[in-house]
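Heavy-atom basis, side chains included; hydrogens, waters and symmetry copies ignored.
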Amino acid sequence: MEEFQTGEETTFVVDEISTIIKESVEGAIGGNAYTHSRVNQWTSNVVEQCLSQLAKLGKPFKYIVTCIIMQKNGAGLQTASSCFWDNSTDGSCTVRWENKSMYCIVSVFGLAL
């Protein structure tokens, strides 16, 4: 017998993804102050934790995760993205997290299989 997936199982749910991102950033960075020598490790940890949690959802998606960590020093940062996809199944979610010394911006793109 064929398995049919409900709309919830095949939909990119932004609230669900946002929670995963926030938990991943808190777990990887938490209350640490900006330290240049630790940024590479932090970005890797955030991306890996996000991907691990996304995979555990068991949804039929391919995921792309990006992470930017920037020291709070008054410098500007502008970023943009554009996607050509199926708006009914695919989606993206970007979360800006911050503490006293840095910003962390994480984007997740989900493409249905």
For residues [X] and [Y]: do they belong to one hydrophobic cluster (side chain heavy atoms under 4.5 Å, members Ile, Leu, Val, Met, Phe, Trp, Tyr)?
X      : Y     : answer
Leu51  : Ile17 : yes
Val108 : Leu57 : yes
Ile68  : Ile21 : no
Val39  : Trp97 : yes
Val47  : Ile69 : yes

| query | How are the rings of Trp85 and Phe109 set relative to one another: parallel (under 30°), tilted (30 to 60°) or perpendicular (over 60°)? | reply |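 Tilted, since the angle between the ring planes falls between 30° and 60°.
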| request: Verify whether one side chain among Asn45 and Gln49 offers a donor that lies under 3.5 Å from an acceptor in the other. | output: no
| request: Decide if atom NZ of Lys62 counts as having more than 12 heavy atoms of other residues, nucleotides or ligands within a radius under 6.0 Å. | output: no
Minimum-distance pair of heavy atoms, taken over all atoms of [X] and [Y]:
X      : Y      : value
Tyr63  : Phe12  : CE2-CE1, 4.3 Å
Ala75  : Asn73  : N-OD1, 3.1 Å
Cys50  : Ile20  : O-CG2, 4.1 Å
Val106 : Cys67  : CG2-SG, 4.1 Å
Glu16  : Lys59  : OE1-NZ, 2.9 Å
Tyr34  : Met102 : N-CE, 3.6 Å

| field | Qualifying residue, where the test is side chain to side chain donor-acceptor pair (under 3.5 Å) with Thr94 and the options are Ser18, Ser107, Ser81 | value | Ser107
| query | Counting only N and O atoms by type, is there a donor-acceptor contact under 3.5 Å from the side chain of Ser44 to the main-chain atoms of Asn40? | reply | yes
| query | Is a donor on one side and an acceptor on the other found under 3.5 Å between the side chain of Asn99 and the backbone of Ala33? | reply |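 Such a contact is absent between Asn99 side chain and Ala33 backbone.
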| Is there side-chain contact between Trp42 and Asn32, with heavy atoms separated by less than 4.5 Å? |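 Yes, close enough: below the 4.5 Å cut-off.
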| task | Using the side-chain contact (heavy atoms from CB on, under 4.5 Å) rule, take Glu98 and Lys72 through it: C-alpha gap first, then chi angles, then the decisive distance, then the call. | result | CA-CA 9 Å; Glu98 64 182 283; Lys72 281 188 177 178; 2.7 Å; yes
